[in-house]
Amino acid sequence: MTSVVNLYAKCGMVGDAYKMFDRMPEKDLVCWNTVISGYAQNGMSKRALELVLRMQEEGCNRPDSVTVVSMLPACAAIGSLQMGKSIHGYVFRNGFESLVNVSTALVDMYAKCGSVGTARLIFDKMDSMTVVSLNAMIDGYARNGYYDEALVIFQRMLDEGFKPTNVTIMSTLHACAESRNIELGQYVHKLVNQLGLGSNVAVVNSLISMYCKCQRVDIAAELFENLKERTLVSWNAMILGYAQNGCVMDALTNFCKMHLQNIKPDSFTMVSVVTALAELSVLRQAKWIHGFSVRTCLNRNVFVATALVDMYAKCGAVHTARKLFDMMDDRHVTTWNAMIDGYGTHGYGKEAVELFEEMRKGHVEPNDITFLCVISACSHSGFVEKGQNYFMIMREVYSLEPSMDHYGAMVDLIGRAGRLSEAWKFINNMPIKPGLNVYGAMLGACKIHKNIDLGEKAADKLFELDPNDGGYHVLLANMYATASMWHKVAKVRTMMERKGIQKTPGCSLVDLRNEVHTFYSGSTSHPQSEKIYAYLEKLFDRIKAAGYIPDTDSIHDVEDDVQEQLLKSHSEKLAIAFGLLNTSAGTTIHIRKNLRVCGDCHSATKYISLVMKREIIVRDMHRFHHFKDGSCSCGDYCPIGTFRGIELRNIICSDCQHLQPTWKN
DNA sequence: GTAGGGTTAG
């Protein structure tokens, strides 16, 4: 009888197994254990644990080591550290700790419940261990973010002569992927072939994922193409890999291919595709995938819903993002982060701060990313004291150690507000060695506020850290240009040429009826090119009449009329003209730009929104600009326009000369 | 007889 129960359970038919078990007149411990493990192994953890209680009440059976070995994974699955600890107590009282499978299950349970330190203590006390124990420890470290420790255990395993299994390989590759350690990843890849695991789909899926995380999507694609028996996981890993490496079209193509092969997407697939569309930032496609996820009910999954919130925010539809956010019953910390960040990048500092305060009142704890989002939201809106306060409570109330990104955001916050010596002092008092982003934020602030002295100091440090970063060279040149120090501008340019640093060409995207149109600055390759340039002539006359003055100071070494021509051919002006020409009155135009919006485009777009009565939303590399009725949502709180009575100009322009500030937060 | 580790996410 018991073996039949076991057979049903092993085939995933737990219901039938239970029916059989229920009919048995005499239930011994083995029989109970069989059905308990059946529930535990089929993902019904709570049911398994309930049965243990029933067994004690009904059958006068006490759990033995076999029962415990089924109970611990069930605890791990529901993440109940409390119950896990009480089982540990039972194990101790009964002397089960010396059994290698019990200890292994304890290591696994503690690690899965987040207590990786306790897991290690038990691991270290084991006098004998198997490959399974080592696997549990490697996975435990990897899933808690201790990638180096995971790799140390892996090395120890090889040194002690254990033969790695498929599970070892998968956990190790996970650690390699997350720590971006492609060298070790490639070593493991060789090992996979030596061990004859090259045809194991799960192992190959992990390899695909590792290569994608290490930005070798090409190697991943080759593995994927050669994979004979692809599973849903293979497709998901590949699509996500494409999405995370900016290969949006490849991600979407594979999603379609999958559909043609009648493979049903799951929540993982949806997250990958939504991530790709967030990157594409086209509202029409965003709505389509949203509709698709509603029809398949996958929008109820918290991961998918969070990705949708993030996607809408990145498509400029921050209010839609908020509606989805409000409709969710279950929100993870990342859900809050996506929404707070969405508000921040759209310049809704007040809303970001309010949402953060609401979060603090609830049961979801903010994490380090939350603080990064809220501090940078404060920075975008000029809430210096608020941001400083959050930076303080992050450590003092939430015991979170600030990372380099937090320090960078703080320098941006203080510096952008013009408090440059305070920002410089902040950098010099940092407990860790300041990174590129920190000095980059400083240089950016110095450019805005024309502080050549501190700007040069920041630039020296930047080039010490990375002599070949194009973005920071451009930023430095821009700073000199702002101060009309043309001699120094030329020096930076020569330096860039000598080092062979490439400038990124300005490029804007706009979507029209299911097609994405790309415009490079000054290009004439678009079929409507002639019409667009002619239209721009007329449009310039209209905005000039409304008060727009072309920012021709931006290019100092050419004639006036040529300057104006260069300004007119900026990629976003071409994209806006194309949008106006091809959509009906009142339609909002969405533009996606690869660099930052330059001062002249910013000013021109404000006037265009006024005279054409159009809302124009521009997503640049750094934030969003909502242009409406002649003003912008950024409130000119950026290196453009007027700030506290000081006129700020982006003197060397982005598109025509491709000299463009590209600092990151 | 029943038992430990397991591929892809926001």
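Throughout, protein chains are lettered first and strands after them, A, B, ... in sequence-line order, and every chain is numbered starting at 1. Only this structure's heavy atoms are used, side chains among them; waters, hydrogens and symmetry mates stay out.
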Any idea which of [options] is nearest the [X] side chain?
X	options	answer
A:Ala202	B:dG4, B:dT7, B:dT2	B:dT7
A:Val233	B:dG10, B:dG4, B:dT8	B:dT8
A:Met170	B:dT8, B:dG4, B:dG6	B:dG6
A:Val167	B:dT2, B:dG10, B:dG6	B:dG6
A:Val131	B:dT8, B:dG5, B:dT2	B:dG5
A:Ala237	B:dT8, B:dG5, B:dT2	B:dT8
A:Ser37	B:dT2, B:dT8, B:dG4	B:dT2
A:Asn33	B:dG6, B:dT2, B:dG5	B:dT2

**Message:** So which atom in A:Val52 and which in A:Pro63 form the shortest heavy-atom distance, rounded to 0.1 Å?
**Reply:**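 Reported closest heavy-atom pair: CG1-CG, 4.1 Å.
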
Measure from the ring center of [X] to the ring center of [Y] and say whether it is less than 6.0 Å.
X	Y	result
A:Phe356	A:Phe371	yes
A:His319	A:Tyr348	yes
A:Phe255	A:Phe292	yes

Whole angstrom is fine here: how far is it from [atom1] in [X] over to [atom2] in [N]?
X	N	atom1	atom2	answer
A:Asp266	B:dA9	CG	C1'	10 Å
A:Phe96	B:dG4	CZ	C1'	15 Å
A:Leu240	B:dT7	CG	P	15 Å
A:Leu207	B:dT8	CG	P	11 Å
A:Met238	B:dA9	CE	P	13 Å
A:Leu72	B:dG4	CG	P	11 Å
A:Trp32	B:dA3	CH2	C1'	18 Å
A:Met339	B:dG10	CE	C1'	15 Å

Determine whether any donor atom in the side chain of [X] lies under 3.5 Å from an acceptor atom in the base of [N], or the reverse, and answer yes or no.
X	N	value
A:Asn101	B:dG4	no
A:Thr275	B:dG10	no
A:Ser267	B:dA9	yes

Short side-chain N/O contact from [X] to OP1 or OP2 of [N], under 4.0 Å:
X	N	value
A:Lys27	B:dG1	no
A:Gln41	B:dT2	no
A:Asn6	B:dT2	yes
A:Lys112	B:dG4	no

**Prompt:** Is there aromatic stacking of A:Phe303 against B:dG10, centre distance under 5.5 Å, plane angle under 30°?
**Reply:** no

**Prompt:** So, is the end of the A:Arg47 side chain (NZ or CZ) under 6.0 Å from the ring centre of A:Tyr18 and within 45° of the ring's axis?
**Reply:**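 Yes; both conditions hold, so A:Arg47 lies above the ring face of A:Tyr18.
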
**Request:** On DNA chain B, check which nucleotide each of A:Ser171 and A:Arg331 is closest to and give me the residue with the more 5' one.
**Result:**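 Taking each residue's closest nucleotide, the earlier one in sequence belongs to A:Ser171.
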
Tell me what [X] touches on the nucleic acid: a base, only sugar-phosphate, or nothing, going by heavy atoms under 4.0 Å.
X	value
A:Val302	base
A:Thr269	nothing
A:Thr306	base

**Asked** Distance from A:Met270 atom CE to A:Phe303 atom CZ, nearest 0.5 Å?
**Response** 15.0 Å

